[in-house]
Amino acid sequence: MPQKKFYITTSIAYANAAPHVGHVYEEFIADVIARYKRNNGFDVFFLTGTDEHGTKISRTAESKKQSVQSFVDENAETFRKFYDSMDSSYSSFIRTSDKEAHWPGAKALWEKLSASGDIYKSKYTGLYCVGCEAYVTEKDLVDGKCPHHGVAPEKIEEENYFFKLSKYADAVKAKIESNEIHIIPETRKNEILSLFTEGISDVSFSRPEGQIPWGIPVPGDPSQIMYVWCDALANYISALGYGREDSSLFDTYWPADVHVIGKDILRFHALLWPAMLLSAGLALPREILVHGFITSEGKKMSKSIGNVVDPKEYVEKHGKEALRSFFARDISPFEDSDFTDAKFLESYNANLANGIGNLVSRVLKMTGQYFEGKVVMNQDVEVLLKRKIETVSGVEDTPGVPLNYYINEEILPAYHEHMEKYELTKATDTIWTLIKRLDGYITDYEPYKLVKIDKAKTEAILVNLLYGISVITNMLSPFLPETSEKIKSLLGGQFEENGTPISFSTKELETPLFPRK
Ligand code: ME8
């Protein structure tokens, strides 16, 4: 049977500074989902990249007295390197200033919209917020200023090309209502649906070359430059070879199975992008996963407040797995979440040092000490794995169910259900519930006492524990790929095809996986 494909994208970040924690979180979400899908046999294409055109970028470069190209080259490289250092498993990194990889697709898409009769020239008189790279109206403003950037928008009066967005409003609305474009979470779906009640106008899709020289010239009219969002949204197909000679990736992977974006760019992805695709006769994305914002000390991050969280500092100080673990355990994939140093350290100690790190260390130590690292699954052990074991004190077992039943019937189904719904923090709750259960198992059965009385039973208990840890490494692998691999190599587990353990040949830890902080 051919492998099922899965195409996942992040938004493309403006390459006008180093990545901030919001960018890194978005990359993390997409990476976790991509890894999970690969683990489940999907042929995954995971796209990320940088958005390198627009007024904001060209002005920032100018203020730094740098050529725009060298400015975006530097920043794009910083993004790519940081994503690599976080172990992002992206398949391709698209840059919108790339004339070979991106421009042909962006131009081909424009030509399709034009051929559908959806591009027309008209006069635009209105407001433009450079920070948002968006046309805004008076009602978007607070005290005459953009509420996001605190700056008054610029007045624009010019002859531009327009896209007939209004023509597609009803069609897009129907696709969202029916979940043909599934917007997750539901609150964001409702938010975008309420937008339609205000009425949808056409959108200016280009600007005169004299006003904004840095961008993609409009096909057939180089006196106009494409609006940055028209250019940027095209990345999702240009990166697959749309509009280029070899479009085999596009044929294989489009439509996107999920676009991962932040809440501030929902309108562009749930309204403008589907309308462009409908106009071009292309398939629509299946899902849009909208994450919230990361705040710092309860406030929006801002340089002037001085509360900007620098993800690089955290990786340098605590390691990439510590940052990934914090995202996985403490940042909601759907709501706004707060990032503070105290929360980070608390999470590190609870989940990593005292959680997975301590459990693995104890179990490896006992297996090394009592069995020189070698334990096997014999028939007795198998029976024990399937039923409750007597404790040292002779009590018939604590309430509960046998471990492998618990794992297969309770933990794993809950984990997969949450993963399929992108409920990442809930999915990791099931992992740490299992970690606690294994800690409790040690407390209940006291293998450190039992070993003096009944070695066979002690072996059974350790096989159970090692088996539990091996399940944890599988569940953890999308979130903490390096830790998962490290633990797997220490367990030296051999398994039957159905996952039943045959034996373990463990190594002891030389240093703690996660020293307490
Ligand atoms: O919007 N917390 O780029 P961008 C979480 N180039 N996510 C955040 C965040 C925060 N504090 N701040 C920003 C753009 N983000 C366009 C996208 S796609 C065709 C073009 C998220 O660099 C934001 O919501 O401003 C977005 O998803 C991503 O970072 C890039 O933001």
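When a ligand or atom number is given, it counts from 1 through the structure's own listing order. FYI, the numbering just counts along the sequence from 1. For clarity, every value in this text was computed on a predicted model and none was experimentally measured.
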* Starting from the C-alpha separation in whole Å, work towards a yes-or-no answer on salt bridge (Lys or Arg N to Asp or Glu O under 4.0 Å) for Glu159 and Lys123. => CA-CA 4 Å; Glu159 200 47 20; Lys123 191 159 181 177; over 6 Å; no

At less than 4.0 angstrom from any non-hydrogen atom of [X], what atoms of ligand 1 do you find?
{"X": "Gly262", "result": "24 (O), 27 (O)"}
{"X": "Gly22", "result": "2 (N), 5 (C), 7 (N), 8 (C), 9 (C), 10 (C)"}
{"X": "Asp264", "result": "23 (C), 24 (O)"}
{"X": "Ala13", "result": "3 (O), 22 (O)"}
{"X": "Glu26", "result": "21 (C), 26 (C), 27 (O), 28 (C), 29 (O)"}
{"X": "Asp51", "result": "6 (N), 16 (C), 20 (C)"}
{"X": "Ala232", "result": "19 (C)"}

* Say you draw a straight line from NE2 of His23 to CD of Glu27; how long is it, rounded to the nearest 0.5 Å? -> 10.5 Å

* Asked: To the nearest 0.5 Å, how far apart are CE in Met301 and OG in Ser296?
  ->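 Output value for this atom pair is 5.5 Å.
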
* To do: For ligand 1, find out whether one of its N or O atoms is nearer than 3.5 Å to an N or O atom of Tyr14.
  =>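 In this structure, Tyr14 places an N or O atom under 3.5 Å from an N or O of ligand 1.
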
* To do: Pick one of side chain, backbone, both or neither for how Tyr25 approaches ligand 1, counting any non-hydrogen atom pair under 4.0 Å.
  => neither

* To do: Please state which part of Phe268 comes within less than 4.0 Å of ligand 1, counting heavy atoms only: side chain, backbone, both or neither.
  =>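 Neither; no heavy atom under 4.0 Å.
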
* Asked: Are Gln66 and Glu74 close enough that a side-chain donor and a side-chain acceptor fall under 3.5 Å?
  ->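 Per modelled atom types, Gln66 and Glu74 side chains form a pair under 3.5 Å.
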
* Asked: How about Thr10 and Glu26: does a side-chain donor come under 3.5 Å of a side-chain acceptor?
  -> no

Would you indicate which of [options] comes nearest to [atom] when only heavy atoms are counted?
{"atom": "atom 22 (O) of ligand 1", "options": "His23, His20, His148, His269", "result": "His23"}
{"atom": "atom 1 (O) of ligand 1", "options": "Ile294, Thr295, Leu272, Ile265", "result": "Ile265"}
{"atom": "atom 30 (C) of ligand 1", "options": "Gly292, Ala234, Ser11", "result": "Ser11"}

* Closest non-hydrogen atom pair, Ile356 against Trp432 -> N-NE1, 4.3 Å

* To do: May I ask you to identify the nearest protein heavy atom to atom 7 (N) of ligand 1, giving residue, atom name and distance to one decimal place in Å?
  => His291 CE1, 3.2 Å

* To do: Around atom 17 (C) of ligand 1, find the nearest protein heavy atom and jot down its residue, atom name and distance.
  =>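 The closest heavy atom on the protein side is Ile12 O, 3.1 Å.
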
* Just wondering, do Val172 and Leu272 contact through their side chains at under 4.5 Å, heavy atoms? ->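 Answer no - side chains too far apart.
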
* **4.0 Å heavy-atom contact, Trp229 with ligand 1** =>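 Yes.
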
* To do: Would you sort out whether Phe334 and Tyr422 count as a ring-ring contact (aromatic ring centres under 6.0 Å, His included), showing the intermediate values?
  => CA-CA 9 Å; Phe334 309 125; Tyr422 310 133; 8.1 Å; no

* Please determine which of Thr428, Ile431, Leu480, Asp330 meets the side chain to side chain contact (heavy atoms under 4.5 Å, CB included) test together with Asn351. => Asp330

* Run the numbers on Tyr227 and Asn160 for side-chain hydrogen bond (donor to acceptor under 3.5 Å, both in side chains), then give the verdict. => CA-CA 10 Å; Tyr227 170 42; Asn160 293 341; over 6 Å; no

